[in-house]
Structures are given as C-alpha cells and as structure tokens.
Amino acid sequence: MELWQALLIGLFAYLGRNQVPWLFGTTGGWYGIGRPLVAGLICGVILGDVTAGVLCGVAVQAIFIGQITPGGAVPSDMNLAAYIGIPLAIAAGGGAETAVALAIPLGALGVALHNFTMTVQAAFSHRADRCAEKADARGVRISNVMGTSVSFLERFFIVSLTCYFGAPFAESLLASLPAIVLEFLAVGGKMLPALGFAILLKQILDEKWMILLFILGWVFMSSFNITITSLVFIAASLSLIYVMAKYSKYGAVQTENGTVNESNGFKDEEGNYEE
Amino acid sequence: MKNKRKLTKKDVSKASLRWLFFHQSSHNYERMMGTGFAHSLSGALEKLYEDDKEGLKDALQRNLTFFNTEPQLGSIIPGICLALEESHAIDGDVEPEVILSTKNALMGPFAGIGDSLLVGTLNPILLSIGIGLSANGSPIGAIVFLTLWLAIVLPIKYGLFVRGYSLGLDAVSILTNDRTKKIVTTTLTMVGLIVIGGVASTVIKAPIALQYKAGDMVISIQEILDKIMPNLMPLIVALVSYYLVDKKGWSTNKLLLGILVFAFVMVLLGIM
C-alpha cells in the first residue's frame, strides 16, 4: 500500500467517525460513509479494486447490521473495524472472510478508543464554560468545533499508520496460516452474519408472529428468481394492506393529525376523541 | 407568545444548520451534546441579547448544560428551546426553569423514538437493500444506501428544528401522537422484516460439505437439503441465533464465540 493511499483511507475514516461534524454531522458521517458497506466501496476505489472492496464491505456490514448507538455508548466501533479491516484484507490478498476476521477484534478496540476521546473531550465543554462566563458566544462555538481535533488525532493517525505498516505484516501472516485455519475462517465468516441479523431481529420485532415476515422474505428471495428491489415492493404492498386494515377505523388516510390541525382546532378534537 | 418575534427565518435556519453539523463536535461523557446545543443556539442568543451582556451570559450558561438525545429526530428540541428562549428574552413570559425542564423532559423520549425508528430500523433496512444490491460486488448498493439515507434523513433533521421553533411547545403533542407513531412504526417494521429476511438469505451461508458414499453412488447432503427448500440450513442457523439472543439472553460476544466454536467443530468433523 502506498503512503498516499493509507493517508486517504485515514482521512475518510475520520470523516466517517462518530461525532465528526463535516458531513452533515453523524448523518453523513457515522451513519453514512462510516457504515462498512460504504467504507468498503471507498477503500476499494482508493486501493484500485472496487469489487474486492465492496465484497469485503458487504461481509463486514452484515455482521454489524444490528448495532445501534444508544446514548453515546458504542457497542462495537464498525468504523474502525471497516477502515482498517477492509484495506488490510485487500492488501493482503485475502477475501471477505479475512476482512471479517480482522474486523471483529478491531471493533472492540475502537470502543476503547471511543471511550478515551469521550473522556478527553470534556475539556472543550469546560473551555466553553469559561467563554460563557465572559458572554462570548463566538468562543462557545469555537470550543465546540475544537472538540473534533481529538477525534481527528485519534482516527486519522491510527488508521493511516496501521494500514501503511500493517499491510505487509497482514500479507505474510495470511500466507503462513495453515489450510485448516483458512477453511475455518471461511466457514465461520459465512455463518457470522447470522449474529448481526439476530441482534437486528431482536431489536425490531415487536410482536412474536412477525418472525414469519422474516421467514417470508427469506423464502421468497431464495425460492423465486427475484431481485431485492422487487422484494421491497412486495414488502411495501403487504405492509400497507395490513396497516390499512388494522387502522381503518380511523380512516385509512395516513397524514399526521398535526400537519392539518395547526390552524384548525376541530380536527385535533376529532383525533383525540377517536384515540 | 407567537406574535412577538425578533428572530428572522434566516436566524432560525442558521441555528438549524449549526445543529445539523456540529451537534456532537465535542461530544463527551460529562455534557454529551450540551456544548453542541449551545453552539446551535448561540448566534440567535447573541441577537436576542444584543445589548444585555448579563442576559447573554445567563442564556449561554443555561444552554451549556447536559444534553443527550438522538440528534437527527431530536433536532426538534433545540428548535423548541429556541422559541422558548426568544419569548423569554422579549418579555420574560417563559421562566428559565421552564426552558431547562422542557429540554430535560424531551431528550429521553426523542432519544427513544429516534434510536428505534431511524437508527434501529430505517438505517438497517436501507443497509439491507444496499447489501442485496451489492452482493455481487457491484458498487451500486453502497451508493443507493447513501443516497436514500441522506435524502430521507437530512430534510427530517433540518425540518424538525425549524418546525420545533415555529410550533414551540405544541410540537411535542404532534410528534408523540400515538396513532401516527404506531402506523409509521408498524409499516417500517413489516417492510423491514421482509426485506431483511430476503437479504439475510443471500448473506448467511452454511454449506454442507458432507457426502454419503455407498459404492459408486455419492449422495451430497447439500443437494438433498436443497430439494426440501433452498437455503434451509442457513435459515435454521439464523433462527437459532435469534432464539439464543432473544429468549436465552445471549450477549453479542457469547453468540459470536458460539458461532465460531460451532464452525470450528463442523470443519474438524468435515461436515462443513
């Protein structure tokens, strides 16, 4: 891996890190290019092998698909996992299984780093306090923006350096592994996405019977020759039929009460009455 | 309270954009998004307290306190607080305690709704679609995911702030409206489950390598299973994993280890 490639990957890792402001806050960063699916594409483009990058991204994403970030606590840092695991896997000539095997421990390491920055960055809140004491609004803003420097130092340097110096190491490590270990990694890597989907299911299932919907989607996809886009339309139709039938006594109209009733107290009354 | 206004549309828009970008810029365990909250409102506060240094100081300190929510759906809270701050600054109608308690009362509920709806459901659904489209190595899935996510969430994030400002406290009753919430959640959950099921079937794999030999005849177990139903084994792996996480309360790490040990044993026995 060339130095410029490692530096560029480090830069994107920083931009896609949790808390970093530059890409519409967390929306474009952590929840956007920080997702392994997108990280795979970005690393693939930088390293000149888009297909390999995307395939690694898909595999790593599948494991981390059920992980959300409630209240600032990160269960596993998929940004670090992806932006180090995927480039190293590509550089070492390994496939998606290698990326997955690297991503899991890296995800745990990322949590430790995240906790570190979340502690250090309190200094900027204290700086903002001192500015507020002097009624200096601009100083408050500057303090807040300065906070991201800690994230930059942490993510940019760790990712760039690990990618640059780790690539030859990962390559020789992969070459020296016995066949049985590689086979085990391959089989384990194929089943591990079940982990991500199990957590996701736990999170979004709110009624027991709904597990059948998961199975329905599974059976449709594997038994018929359809694409994911056609499945989305099937899913949307079925869901709308159910929702319209269930909530029909309120009228099937789906507009929020609120957007209509702003200037009209009557609708609000009606809505409350029916509720 | 709404007929007296000092802030223009531009001021509100600027505050909304500041929130949209910088909500977590100095996120930390002590104040969480508190500094980001003050950053967002600070420009408008400067205007409200143009020649009242003491008032500006109080207002800035008031908005630097602990704040934590889901920043995308929760953008409505700084919006609401801005309306309250304005009315406090103009005629003291709203007491500072009301502003603080409004902010504190809202951050929990909106963190809950935002985490479950946007981060916990919409993001994984769009990711699943992306995974499905990119399963063959094509970049289109990653691009579709990013485009859809930004196109849906950015208007919500920006718009809710502005709406929160224009409605003030009325905004709360709308967004926590039970029926709207139920309809949106049920539709999203159902679409999500079906799509996620489809995507999971293409990603989770459990190929059986075992073959049964009797003389010249070789029977592949995988072929038999495929005749019962394609992708049957991986479905069982997925459902058992879900059962262990949900009913047995297995942690992520425990399940991770469980799957790896299972894979290791299967490879050793030559079954997979």
Side-chain angles (χ1 to χ4, degrees), chain A residues 19 21 25 27 31-32 37-38 41 50-51 54-55 58 62 65 68 70 72 118 121-122 124-125 128 132 135 137 140-141 144-145 147-148 183-184 187-188 190-195 197-198 200-204 210 213-214 217-218 221-223 228 231-232 235-236 239 243 247 256-258, chain B residues 20-31 35 38-39 42 46 53 56-57 60-61 115 119-121 124 130-132 134 137 139 142 146 153 174 180 186-187 189-191 193-195 197-198 200-201 203-206 230-231 235 237-238 241-242 245-246 255 259-260 263-264 267 272:
Chain A
Q19 308 161 348
T27 312
Y31 295 120
L37 178 67
V38 185
L41 174 60
V50 176
T51 313
V54 170
L55 287 176
V58 166
I65 194 157
I68 60 169
M118 285 282 284
Q121 276 166 191
F124 298 96
S125 287
V140 171
R141 291 197 284 277
N144 188 44
V145 177
T148 197
E183 202 181 328
F184 158 62
V187 171
K190 278 175 185 155
M191 277 194 287
L192 272 182
L195 168 72
F197 286 100
L200 183 60
L201 277 180
K202 183 189 174 189
Q203 200 173 287
I204 69 177
M210 285 186 168
L213 294 171
F214 175 81
W218 183 293
M221 195 71 186
S222 37
S223 302
I228 199 74
L231 188 64
V232 171
S239 315
V243 168
Y247 295 95
E256 312 176 355
N257 284 350
Chain B
L20 191 140
F21 279 93
F22 294 103
H23 50 77
Q24 270 167 295
S25 193
S26 60
H27 200 210
N28 61 71
Y29 282 132
E30 190 192 315
R31 305 281 175 83
T35 327
H39 181 168
S42 61
E46 269 178 312
K53 219 175 161 198
L56 179 59
K57 178 192 139 194
L60 284 174
Q61 286 180 328
D115 275 340
V119 181
T121 310
I131 291 177
S134 275
L146 195 59
V153 177
I174 292 165
T180 315
T186 315
T187 315
T189 306
M190 290 184 65
V191 173
L193 282 168
I194 298 175
V195 172
S201 79
V203 179
I204 306 170
K205 295 189 184 91
N231 274 333
L235 178 60
V237 171
S241 302
Y242 165 64
V245 167
D246 192 45
L255 182 61
I259 292 176
L260 288 179
F264 189 62
V267 169
M272 279 180 169

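These values consider heavy atoms only, across backbone and side chains, with no hydrogens, waters or symmetry-generated copies. Protein chains get the first letters and strands the later ones, always in sequence-line order, with residue 1 at the start of each.
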Student: Relative to chain B, which segment of A:L201 carries a heavy atom at a distance below 4.5 Å: side chain, backbone, both, or neither?
Tutor: both

Student: Relative to chain B, which segment of A:L200 carries a heavy atom at a distance below 4.5 Å: side chain, backbone, both, or neither?
Tutor: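 Side chain only.
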
Student: In terms of heavy-atom pairs under 4.5 Å with chain B, which of A:G147, A:A236, A:A194 leads?
Tutor: A:A194

Student: Who wins among A:A128, A:G25, A:A62 for the most heavy-atom pairs under 4.5 Å with chain B?
Tutor: A:G25

Student: What are the two closest non-hydrogen atoms of A:W218 and B:S201, and how far apart are they?
Tutor: CD2-CB, 3.4 Å

Student: Pick whichever of B:T186, B:I204, B:V245 has the most heavy-atom pairs under 4.5 Å with chain A.
Tutor: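 It is B:I204.
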
Student: Please rank B:A263, B:S25, B:G137, B:A142 by heavy-atom pairs under 4.5 Å with chain A and give me the top one.
Tutor: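 When all of B:A263, B:S25, B:G137, B:A142 are compared, B:S25 has the most.
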
Student: Look at B:I131, B:V237, B:L56, B:V195 and state which one has the largest set of heavy-atom pairs under 4.5 Å with chain A.
Tutor: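 Going by pairs under 4.5 Å, I would pick B:I131.
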
Student: So which part of B:L20 gets closer than 4.5 Å to some heavy atom of chain A, the side chain, the backbone, both or neither?
Tutor: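 Both parts, heavy atoms under 4.5 Å.
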
Student: Among A:L55, A:L37, A:V140, which has the most heavy-atom pairs under 4.5 Å with chain B?
Tutor: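 Highest number of pairs under 4.5 Å: A:L37.
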
Student: Heavy-atom distances under 4.5 Å only: say whether B:Q61 touches chain A with side chain, backbone, both or neither.
Tutor: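 Both backbone and side chain.
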
Student: Based on non-hydrogen pairs under 4.5 Å, which of A:G32, A:G188, A:S223 is most in contact with chain B?
Tutor: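 Max contact count across the listed options: A:G32.
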
Student: Quick one: of B:G197, B:G132, B:A206, B:S241, who has the most non-hydrogen atom pairs under 4.5 Å with chain A?
Tutor: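 So the answer, after comparing B:G197, B:G132, B:A206, B:S241, is B:G197.
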
Student: Taking A:Q121 for its side chain and B:H27 for its backbone only, find out whether a donor-acceptor pair lies under 3.5 Å.
Tutor: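 Checking the backbone N and O of B:H27 against the side chain of A:Q121, a donor-acceptor pair under 3.5 Å is found.
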
Student: For chain A, which candidate among B:V203, B:N231, B:V153 shows the most heavy-atom pairs at distances under 4.5 Å?
Tutor: B:N231

Student: Select one option (side chain, backbone, both, neither) describing which atoms of A:I228 are under 4.5 Å from chain B's heavy atoms.
Tutor: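 Side chain of A:I228 only, per the 4.5 Å heavy-atom cut-off to chain B.
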
Student: Highest number of heavy-atom pairs under 4.5 Å with chain A: which of B:A38, B:P139, B:A238?
Tutor: B:P139

Student: Return the set of residues passing ring-ring contact (aromatic ring centres under 6.0 Å, His included) with A:F184 (not counting sequence neighbours), or none when no residue passes.
Tutor: B:F264

Student: In terms of heavy-atom pairs under 4.5 Å, which option from A:L192, A:V50, A:V58, A:T148 contacts chain B the most?
Tutor: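 Ranked by contacts with chain B, first place is A:L192.
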
Student: Search all heavy atoms of A:S125 against all heavy atoms of B:R31 and return the closest pair with its distance.
Tutor: OG-CG, 3.5 Å

Student: Taking it one step at a time, do A:N144 and B:T35 satisfy side chain to side chain donor-acceptor pair (under 3.5 Å)?
Tutor: CA-CA 6 Å; A:N144 188 44; B:T35 327; 4.8 Å; no

